[in-house]
There are 2 protein chains.
Amino acid sequence: MVTIKDVAKAAGVSPMTVSNVINDHPNVRGSTRAKVLEAMARLDYRVNVAARNLAKGSTGTIGLAVPEVNSPYYSRLAAAIIAAAERRGLRVSIEQTASRDNELDALSLSRNRLYDGLILTAAGMRQADAERLRVDHPVVILGDRIFGAPVDHVAMPNLEASRAATRHLIERGCRRIAFLCGAVEEVDTSSLRLTGYRQALAEAGLSTDPALIQQVDRLGMREGAGRAREMAEGGLDFDGVFCVTDSLAMGVLRGLADAGIRAPDQVKVIGFDNVTESEYFIPSLSTIDPDHDGMAERAVDLLLQRIEQTEPPTRQQDFIGDFSLVIRESTGG
Amino acid sequence: MVTIKDVAKAAGVSPMTVSNVINDHPNVRGSTRAKVLEAMARLDYRVNVAARNLAKGSTGTIGLAVPEVNSPYYSRLAAAIIAAAERRGLRVSIEQTASRDNELDALSLSRNRLYDGLILTAAGMRQADAERLRVDHPVVILGDRIFGAPVDHVAMPNLEASRAATRHLIERGCRRIAFLCGAVEEVDTSSLRLTGYRQALAEAGLSTDPALIQQVDRLGMREGAGRAREMAEGGLDFDGVFCVTDSLAMGVLRGLADAGIRAPDQVKVIGFDNVTESEYFIPSLSTIDPDHDGMAERAVDLLLQRIEQTEPPTRQQDFIGDFSLVIRESTGG
DNA sequence: TTGTAGGCGTTATCAA
DNA sequence: TTGATAACGCCTACAA
């Protein structure tokens with residue numbers, strides 16, 4: 001392996017001078033710089049990032065931990081975060097967590113100075129894990145599982161947005177609206193959105209039929225399709241479905257089609273996330289747009305603040321993003 | 001920051017003993033181990049991965065560089081690679097390259113010992129860049145852009161698969177089959193598949209109408225939809241479309257619907273990739289399944305061989321995966 | 001079973 | 001403008 005010392009020897013200068021050239025420091029005479037550059041090229045020298053990280057104590061890259069990589073939502077989010085980070089001169093490196101254990105793992109990894117900071121989208125952690133988030137490294141949590149934890153937090157306006165989605169279905173004439181979600185626990189995406197759904201129904205003077213609240217164990221297309229078929233074939237009476245994710249909603253559209261039910265004529269469907277695919281699905285999917293870019297921007301900002309802040313760790317900050325209702329064919333255009 | 005020395009001091013042992021405990025070395029007395037463990041917990045010690053990497057010269061993680069993170073195909077691929085790597089005890093960390101320059105960047109990064117090896121899915125590199133791939137670090141190229149480069153290479157059976165897809169459309173009665181692809185250059189996905197398409201037409205005694213060969217500059221849903229509308233509204237005569245990616249194909253289905261054309265009745269559509277979404281799309285999408293898992297498995301294997309191999313770099317290896325034709329609604333079920 | 005010495009490749013500091 | 005020295009935190013090799 002060619003090191004800085006080899007280059008120094010070849011160029012007839014000290015290692016320090018080579019380092020200065022590499023890092024574009026001023027105060028290097030032009031002729032010296034040229035000599036060094038030439039030696040670097042000749043020996044095909046590359047910096048050793050591990051060594052540099054150790055010496056500098058920082059890496060210039062942040063970590064992004066997501067539960068699942070093959071998911072339209074997390075993909076969209078990751079793209080937004082990469083763009084936001086790039087604007088600030090940071091690289092991002094993505095890891096899949098896939099479980100609560102791995103989420104906690106990811107936390108210690110970041111602490112280990114592999115990254116300057118970590119954006120963690122927590123899906124498996126529970127409220128009870130909040131204390132484990134008290135790490136001495138920059139961390140921002142993205143998502144709805146954890147509140148009151150000692151870290152910065154970026155979340156969606158779940159309750160409001162969910163009310164708006166449900167209200168939209170009501171305005172389009174739905175009276176028996178199903179709610180499709182994941183396991184409902186203490187505080188999480190499903191439970192917050194369930195509350196919004198209930199509020200909207202109540203405000204419209206509609207009753208909440210427990211049979212209409214459907215839980216599945218993964219928020220994917222497969223589960224949406226399967227459950228929709230079961231609902232249709234089981235004779236459940238419903239004329240609208242609000243799904244907590246777009247993946248679920250696209251699955252539902254598929255399941256309804258399988259069961260011979262026409263959307264939006266017989267049943268209207270709305271999702272949540274405004275994933276790239278939802279615009280092109282047939283029928284195109286009405287949904288809630290959670291302003292991915294805004295959230296990403298904010299998450300990276302908060303993280304950068306923590307990274308750059310040297311002194312007295314300031315109070316934990318929360319940020320709740322914007323949202324907008326996107327009306328497409330699945331609710332009647 | 002708590003270091004190994006602090007722990008050693010607190011536990012009344014030498015730093016080396018702490019290191020031995022951390023790395024589960026034998027030859028540490030139970031009582032000593034307990035003391036050290038206790039001190040580690042008390043001080044909330046975490047290893048510094050950067051330092052460990054530098055000292056060991058390896059990291060236990062491999063890099064995966066993809067052109068785009070928010071893409072069903074690359075997401076699916078990434079998931080497969082993560083699974084394959086996990087089975088072999090490796091972590092993977094994903095980076096978005098987004099351009100040819102960044103692809104070349106990713107190459108040097110890996111060389112810099114941030115990762116033990118790199119799987120690079122090259123979309124922007126040209127054949128002319130092949131020589132730049134001569135790096136002294138483990139690298140595996142996934143994709144079709146580069147041939148004859150001095151690195152291991154995993155690719156799809158583009159020509160065969162593309163013939164099979166086209167043949168399928170012909171068997172279903174299509175006579176005017178459009179081919180939708182990206183820019184066709186020297187050797188790449190689009191050009192290889194174009195050849196397969198032409199062969200299938202020739203074998204069936206059909207002529208190739210240049211007007212049916214449609215190029216777009218990105219292989220996404222938006223481009224597919226836009227072009228399909230143009231083709232329909234421009235009065236192009238076609239009864240089948242073979243798209244080089246599923247994203248493109250789903251976009252085409254959308255575009256056809258916008259133009260009031262029914263698929264598969266009036267026009268049949270087939271894609272390539274068997275992306276997760278294609279099964280749920282309406283109509284569900286016929287496509288080529290390129291055996292993502294097999295390719296991932298193989299790519300990780302090849303990389304691991306290079307990582308573990310100490311001596312005489314053996315010859316570069318190529319691997320062409322399997323494929324299967326998946327028939328769904330978009331070509332008539 | 002434990003400890004000592006030295007080095008991994010780079011950078012910061014400060015002196016020349 | 002350049003260079004000597006001393007870290008960064010850990011691990012390998014060897015000695016006690």
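In what follows, every chain begins at residue 1, and chains take the letters A, B, ... in the order their sequences are listed.
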Participant: With sequence neighbours left out, what residues match Lys9(A) under side chain to side chain contact (heavy atoms under 4.5 Å, CB included)?
Facilitator: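 Once residues adjacent in sequence are excluded, Lys9(A) has no partner under the side chain to side chain contact (heavy atoms under 4.5 Å, CB included) criterion.
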Participant: Can you pull out every side chain to side chain donor-acceptor pair (under 3.5 Å) where at least one residue sits in residues 81-94 of chain B? Sequence neighbours excluded, please.
Facilitator: Ser93(A)-Ser93(B), Glu95(A)-Arg91(B), Arg87(B)-Glu297(B), Arg88(B)-Glu297(B), Arg88(B)-Asp301(B), Ser93(B)-Tyr115(B)
Participant: Throw together a table of side-chain donor-acceptor distances under 3.5 angstrom for residues 69-83 of chain B, partners on residues two or more places apart or in other chains.
Facilitator:
residue  : atom : partner   : partner atom : Å
Asn70(B) : ND2  : Thr276(A) : OG1          : 3.1
Ser71(B) : OG   : Tyr73(B)  : N            : 3.3
Ser71(B) : OG   : Tyr74(B)  : N            : 3.1
Ser75(B) : OG   : Ser75(A)  : OG           : 3.1
Ser75(B) : OG   : Val69(B)  : O            : 3.3
Ser75(B) : OG   : Ser71(B)  : O            : 2.8

Participant: Which residue pairs pass the side chain to side chain donor-acceptor pair (under 3.5 Å) test with at least one member in residues 31-43 of chain A, sequence neighbours excluded?
Facilitator: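 Pairs touching residues 31-43 of chain A that pass the test: Glu38(A)-Arg42(A).
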Participant: Can you run down the salt bridge (Lys or Arg N to Asp or Glu O under 4.0 Å) pairs that involve residues 58-72 of chain B, sequence neighbours left out, and say none if there aren't any?
Facilitator: Glu68(B)-Arg218(B)
Participant: What pairs with Gln316(B) under side-chain hydrogen bond (donor to acceptor under 3.5 Å, both in side chains), at least two apart in sequence or on another chain?
Facilitator: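 With neighbours one apart ignored, the set is Asp318(B).
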Participant: Look only at the side chain of Asn23(B) and the backbone of His25(B), and say whether a donor-acceptor pair between them is shorter than 3.5 Å.
Facilitator: no
Participant: Can you give one letter per nucleotide of nucleotides 6-16 of chain C, 5' to 3': B if a protein heavy atom sits under 4.0 Å from the base, S if only from the sugar-phosphate, - if neither?
Facilitator: --BBBSBB---
Participant: Side-chain atoms of residues 59-66 of chain A: list all donor-acceptor pairs with protein atoms under 3.5 Å, sequence neighbours left out, distances to 0.1 Å.
Facilitator:
residue  : atom : partner   : partner atom : Å
Thr59(A) : OG1  : Thr61(A)  : N            : 3.2
Thr59(A) : OG1  : Thr61(A)  : O            : 3.2
Thr59(A) : OG1  : Asp116(A) : N            : 3.4
Thr59(A) : OG1  : Asp116(A) : OD1          : 3.0

Participant: Five pairs per end, C1' atoms only: what is the angle between the end axes of the helix from dT1(C)-dA16(D) to dA16(C)-dT1(D), to 10 degrees?
Facilitator: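 It comes to 40° between the two terminal axes.
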Participant: For Asp152(B), which residues count as a side-chain hydrogen bond (donor to acceptor under 3.5 Å, both in side chains) partner, sequence neighbours excluded?
Facilitator: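 side-chain hydrogen bond (donor to acceptor under 3.5 Å, both in side chains) list for Asp152(B), sorted by chain: Arg306(B).
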Participant: Quick one: how far along DNA chain D does chain B reach, first to last nucleotide 5' to 3', anything under 4.0 Å to a heavy atom?
Facilitator: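 Here the contact window of chain B covers dG9(D) to dA13(D).
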Participant: Return the set of residues passing salt bridge (Lys or Arg N to Asp or Glu O under 4.0 Å) with Asp273(B) (not counting sequence neighbours), or none when no residue passes.
Facilitator: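 By the salt bridge (Lys or Arg N to Asp or Glu O under 4.0 Å) rule, Asp273(B) matches no residue at all.
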